[in-house]
Structure formats: C-alpha cells, structure tokens
Amino acid sequence: MLDFLGTRQRTATCGQLRAADAGQTVTLMGWVNRRRDHGSLIFLDLRDRYGITQVVLDKDLAPEGHAKAEQARPEYVVAAIGKVRLRGADAVNPKMPTGEIEIAVDELLLLNDSKVPPFSPAEEAIANEEVRLKYRYLDLRRAEMAHNLEVRHKVALAVRQYLDAQGFYEVETPFLTRSTPEGARDYLVPSRVHPAHFYALPQSPQLFKQILMISGLDKYFQIVRCFRDEDLRADRQPEFTQIDLEMTFPQQETIFGIVEGFLAAAFAAVGITLPSPFPRITYDEAMRRYGIDKPDLRLPGLTDIRSAFTAEQLQTLAVDPALPVVAVRVPKVGDLSRKERDDNRPLFETKKGAKLLDDLRRLERSFPESVAKLRELAQAQPDDLLIIVAGDAATHIAASDTKFEGRLSEREIAVLSAAGNFRVELAKKYADRHGAFAVTDSVVRSPERSSSQIDGSAAFRPLWVTDFPMFEHDPETGRWAPAHHPFTSPHEEDMDRLISDPASVRARYYDLAMNGLELGSGSIRIHRQDVQQQIFRALGMSDDEAKARFGFFLEALQYGTPPHGGIALGLDRLVMILAGASSLREVIAFPKTAKAIDLMVDAPTPVSDGQLKELHIRPSVRN
RNA sequence: GGGGACGUAGUUCAGCUGGUUAGAAUGCUGCCCUGUCACGGCAGAGGUCGCGGGUUCGAGCCCCGUCGUCCCCGCCA
C-alpha cells in the first residue's frame, strides 16, 4: 500500500513554484494539508515548511495516481511527480503565493501514512496548549510555529554574524560546573565518581566569561543555554537562551554600541529598521518618570503634579505633601464609570502607603483650578484617562524612611512604583482603547516585511536604564545585599561611601528595556582585588566566606585582570517580541509547562534504583 | 508556598434555577460528485461530563478533596 521512495529526489519545495515555472516537470514531497475529492478529480494541498502547493489528480490522465490519492489522508507524506501548470483564470487563488499554478500529477507516491492527528496543523484555530505540547511535532508543523522558529534562527544568525564582524569569538563554557554566584536555585547534577558531590548547571556563564577576559580573549560572546530552578511565568522558562557577551577595556557606551549594532542587525534580518542610538535614562529618572525600571515608552510616563495643589488641598485630600504626587495618563481611554473604577482598584497596591485618587470629575468640583493645572502639567487631551497617585498621609512610616543624598527614598519609590505598576495594568487592560500596543502588532504581522524593510521606530521602543543602586536593603536581615551579582563595579566616585552611605552608591550596571520587558542586563565588572574585597566587606561577607564561595575566581582576579564588562540579552524574549508572541513557549521548540514539565517526553521522571545507587542517592520521598 | 481562571465527543465549545435518552460546529468513517481551495451532498460512528468522595428521590450543574493546564504574587542579578 505504501510506496518506496526509490531514487526519487525532491526538485522543488511546496512554497517555491510560480507562474514562470509553468511547463517544468517537478517532484514535490510533503504532507497532505487538505484533500478535496471531487470524484474523478482530486485536489491535494501539499504542505512543507516553505508553503502549500495544490496538486491535481485526474482519473482520466493518471488513474493509478488518482487511486492513490483516494487513499491519502491528512498528514500522509506523499511525493507528487508532474508538470507545473498555469491555472485557468477563474481557478487562480489569490490568497496563496503559489495560487497561480498547480501540479498536474502523473505519478503519486504514498511515502507514509499518519494516524488521525489530535488536531490539524492546517487549522487556524488551535487546540489547547496541553494538547499542543504533548504533540509538539504536529504543533510545529503549523505555519505560525514554523515562522517563529524561522525568526529565531534569523535573529541568532544575524547576531553571530555581527559579533563576528566586530571581532568577537564564540567560546563554549561548561554546562557541568559549580554553582556560580547568581541569585536563583541551581539545577544540580550528581557525580557518580565523587559520592555526594554535585555539579550545577550554569545560571549564566558569568564567571567563565570574566575569566576569558583575564585570559586575554578580549571579545567573547556565546548564544548559550542557562538554567534556573525557579517558578515559571509566561516570560520565564527554567532553561532559556542568552546572547552573552563580554569585552576588555570597555566603557559602558562601548557595550551599548555593540548591543545597538547587533540588535539593529537582528531586526533588519526580519525586515524591521530599528534606529539607534537608543535613549538612555538613569534608574532614578526611570523611577521618577515611569515608576518602574523597565519603562514601556509606547505610552506616556508619570507627571509630577504636586505643584498643582496647595498645602491645604493636599491636607484635605489626606495626601502626604513630602511624597510625590503624580498623574498617570493613559491616552484615549476617556473617563471611567464608577463601576470601572471599582473594578480597577484591585490592580492598585495600597499596602505600600500609596493612595489612589481616581475620580477626577469629583476632584474637579472641589478644586477646579488645581485640576485644570494638573491637566496642563500632564499635557492631557480631553479624552485621556487621568488618575492621581500620591503618598497616603495616614500611613506615615517614619522609621525606615531615610533620605539619601540625591537619591530617591524608599517611600518615594513606593509611591512611584505603585503609580508605575498601576500605569502598566491600565495600559494592558485598555489596550483596545489607547491602541499603543496595536502599533507593534501591525509591524510584527506586516506582510511587507518579507520584501522590504519597514520602520520599527514606533513599534519597538528600546531604552537603556543605567546607574542602578549598588545595594538593596533587606528589611528582614537588616543587611545590605548586592542588587546584582557581587562582581558589579560601583561608580568610582561613589566608592568612598561604600560603608558610610551604601544606599547612595551607584553601580555601573545597566538594563536594556524594550516595550516594558527587560531584555537584558550587564555591567562593568570589578577588576581590582582590593575593590572586590571592599565590596565583600560592605556586604558583611568575611574573607573566608568569600573564598569558600568564589575562591577560584578571586584567585584568577590576582593575575593581571584587565578592566572588563559585558551584558546578556534574553534571546527568547527578543524573539517573542519580534514574533508578536505572548509567551516564551511560542518561540521555544520544546518548552516546559508552568510546573516545569515537558509534556512530550514526559520529564522529569523517577529513575531506577540501579541508577540512584550508582549515584549514591537515596530519595527521602518515594513515588 | 499563596491567589485566580479553566477542565463536557479526536478538537473548539454550548449545556438555563439540580429533573426524561448530554448537544452544536469541526474532525473521523462510508457512499456520491471533473475545478475545488475551510469544496459540496447523503448516511453513520463517536461521551468514565478530569478523578475520588459527599449532599439529594435525582448531580455535567451544589459541597469537599485531588490531579492537570494557564495567568498572577512570592521567588527569579
């Protein structure tokens, strides 16, 4: 019943042939996307990664092939040998790239059959994700998934080519290594040879790439898998891929230039122009203007409108005059009804001492001049939604509210971030009304991208966020913890305050945000051992503790470490943005579920007693 | 660890206030059809209502538990 392939070779793909190819004899191979049986005439849509081509089997002209086509079913693998033929004028299908031609088949081979699939790769409406992930091989046959993997490949290739041209070497670092000083939990791999000893899978190649700088490699990059044993989110998988790079003797701007270069190349590879340089903003400014450290520039930021109110007015409103009073503005949303405002209240975090003034009309009746002024300050259009966020005078927290020189206090940050998070929530909720996200969608889904470059400047809004705080205060332990990894360099001019005023010390640490997503972060590293020691001391870490955790690295640091720095960008997130996907799973071939399970291979699983014994492991829980 | 949503035919879903034999679309099977392209026509098969327990004369529907998928908080430089 099935046919052997013999020496047949495919001569064209299913997305390739056009009117100009008419008359050629071709051999197509692919999957049966759909079969339309008209009795003595059968149409098969043949599908492969490249597209769909219609093949026609006429009982009069090719009785054997026609008989085979009667047996063919969706997802059968077939070879069609025949002539490319122009379709009649009324039979042209303008919806298909190959719609002007069809294959008049002389010979049809059934290369393989298929069970009835649980869902059809030909369908636009898709099955639930559980089914898709279990039958991922069928899911990946869908044009959308094939497209996402194509984008991923093109982006990775463009990045490699760009970095190669800039003199970077791709160097592989070990997967079986020791725990590096990142904040997440490690995936551990037991050693058979060394009982009770474990390797860790890398959370990132951080220390290896720094050591490559000590080695004089000068410019390193790697498109590398990283592993973190933390709970998942739509934009977080336990294994993910980073574009990781490091270079010797850079200034921060050197790194930015490289990243802007390879991102422009990556966007160009998928038909989008991305202007550079990207704007820069300090962490403090980001918090002041957006209330978040990864601002989405597609929407307006916060406006400080405290000056619109008098001290008495603020008192009447029970607003703390010492804290920011900011307006959240979302364009084109209009005024909200009482019910809408009530529904939105849970989106606002009140616990941090921030309060919401969301009924501007009522406020306007009491203080018409102030509201007019704040509308002006916020540059509000009549149909904009305006909401005020301020410090709540009733929940004054005096004790922990230390104000450091030139930097935002914890309480100011609390109010600003409550406003910033509310802004993000409202933006998500009213996306249909303000339309700012649809701009990105339209660029991502534009068919013109395949033939020409289209302008991405409104759809993709990258932003460098710089000068993050070096330390963050842990209210539970009362100690200062590194906000990042402990090898991040402080600003040289802030170093004299390491002990006296740790909160005011800025790190030479930077994030790249795009459209409200954190795309990557990096820093200029510490290259001097004496500075490294000061940092450990500021963190309250003893020499012995530091040595126990990072001994090999501290040792390496003593042998002529050059100034160096780098960055790591999430490839998955980048592709997610470029594919217009709402989850990383859409751009990873074989992703895991929210419980970190691979539904296709069914992992993780228990293992045999023999394996455990060999690894000297005795589980405390039994299945 | 916590909160929320969902779970009914292969798939996507409907199923009222708890009431007779659980429906639709699509897919699947068979027959018919020479210009379809989401082909069409006729006929048919297809259900552990996630699982377990409870309430009730009676449960897809109510209650408790449990499992799974998704989203969020915590967590994740």
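Labels below follow one simple rule: chain letters A, B, ... track the order of the sequence lines, proteins then strands, and each chain is numbered from 1. Model, not experiment: these values are computed from the prediction.
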| What is the nucleic acid contact for A/F119, judged by heavy atoms within less than 4.0 Å: base, sugar-phosphate only, or nothing? | nothing
| field | Under the salt bridge (charged side-chain N to carboxylate O under 4.0 Å, His left out) test, residues paired with A/R506 that sit two or more places apart | value | A/E493, A/D494
| note | The salt bridge (charged side-chain N to carboxylate O under 4.0 Å, His left out) partners of A/D235 (sequence neighbours excluded) come to A/R573
| request: Could you state the atom-to-atom distance from OH of A/Y135 to P of B/rU12 in whole Å? | output: 12 Å
| request: Taking side-chain hydrogen bond (donor to acceptor under 3.5 Å, both in side chains) as the test, write out the residues that go with A/R423, two or more places apart. | output: none
Can you tabulate the close N/O pairs, meaning under 3.5 Å, that link protein atoms to atoms of nucleotides 24-30 of chain B?
residue	atom	partner	partner atom	Å
B/rU29	OP1	A/R73	NE	3.0
B/rG30	OP2	A/R73	NH2	3.3

| Which nucleotide in the set B/rU34, B/rA77, B/rC75 lies at the smallest distance from any side-chain heavy atom of A/Q242? | B/rA77
| said: Are A/Y509 and A/Y283, when compared by the centres of their aromatic rings, separated by less than 6.0 Å? | reply: no
| With sequence neighbours excluded, what pairs up with A/N148 under the side-chain hydrogen bond (donor to acceptor under 3.5 Å, both in side chains) test? | none
| query | Is A/H38 stacked on the base of B/rC39, meaning ring centres closer than 5.5 Å and planes within 30 degrees of each other? | reply | yes
| task | Return the 5'-most residue of the pair A/G88, A/D231 with respect to RNA chain B, ranking by each residue's nearest nucleotide. | result | A/G88
| field | Rounded P spacing from B/rC63 to B/rU26 in Å | value | 35 Å
| task | State which residues pass side-chain contact (heavy atoms from CB on, under 4.5 Å) with A/R528; sequence neighbours excluded, sorted by chain then number. | result | A/D530, A/V531
| query | Taking only residues two or more places apart in sequence, or in another chain, which ones meet A/T173 in a side-chain hydrogen bond (donor to acceptor under 3.5 Å, both in side chains)? | reply | A/Q222
| request: Using both distances under 3.5 Å as the test, list the Watson-Crick or G-U wobble partner of B/rC28, or none. | output: B/rG44
| message | Can you identify which nucleotide, out of B/rG35, B/rC33, B/rC75, has its nearest atom closest to the A/D37 side chain? | response | B/rC33
Can you pull every protein N or O that's under 3.5 Å from an N or O on nucleotides 68-72 of chain B?
residue	atom	partner	partner atom	Å
B/rG68	O2'	A/E130	OE2	2.6
B/rU69	OP1	A/T593	OG1	3.4
B/rU69	O4'	A/E130	OE1	3.1
B/rC70	OP1	A/A594	N	3.2
B/rC70	OP2	A/A594	N	2.9
B/rC70	O3'	A/R585	NH2	3.1
B/rC71	OP1	A/R585	NH1	3.3
B/rC71	OP1	A/R585	NH2	2.9
B/rC72	OP2	A/A234	N	3.3

| Contacts of type side-chain contact (heavy atoms from CB on, under 4.5 Å), residue A/V189, not counting sequence neighbours | A/L176, A/Y199, A/L201
| With a non-hydrogen cut-off below 4.0 angstrom, is A/E425 in contact with a base, only sugar-phosphate, or nothing? | nothing
| query | From the list B/rC37, B/rA77, B/rC75, which nucleotide is the closest neighbour of the side chain of A/R236? | reply | B/rC75
| message | Just the rounded figure in Å: distance from P of B/rA77 to CG of A/D467. | response | 21 Å
| With a 3.5 Å cut-off and no angle check, do the side chains of A/D186 and A/Q203 form a donor-acceptor pair? | yes
| said: For A/R132, give me all partners under side-chain hydrogen bond (donor to acceptor under 3.5 Å, both in side chains), at least two apart in sequence or on another chain. | reply: A/D139, A/E586
| Can you name the salt bridge (charged side-chain N to carboxylate O under 4.0 Å, His left out) partners of A/E75, sequence neighbours left out? | A/R47, A/R141
| Contact under 4.0 Å: A/R36 side-chain N or O vs B/rC39 OP1/OP2 | yes
| task | Please list, by residue number, the residues of residues 58-70 of chain A whose heavy atoms come closer than 4.0 Å to an atom of RNA chain B; answer none if no residue qualifies. | result | A/D58, A/D60
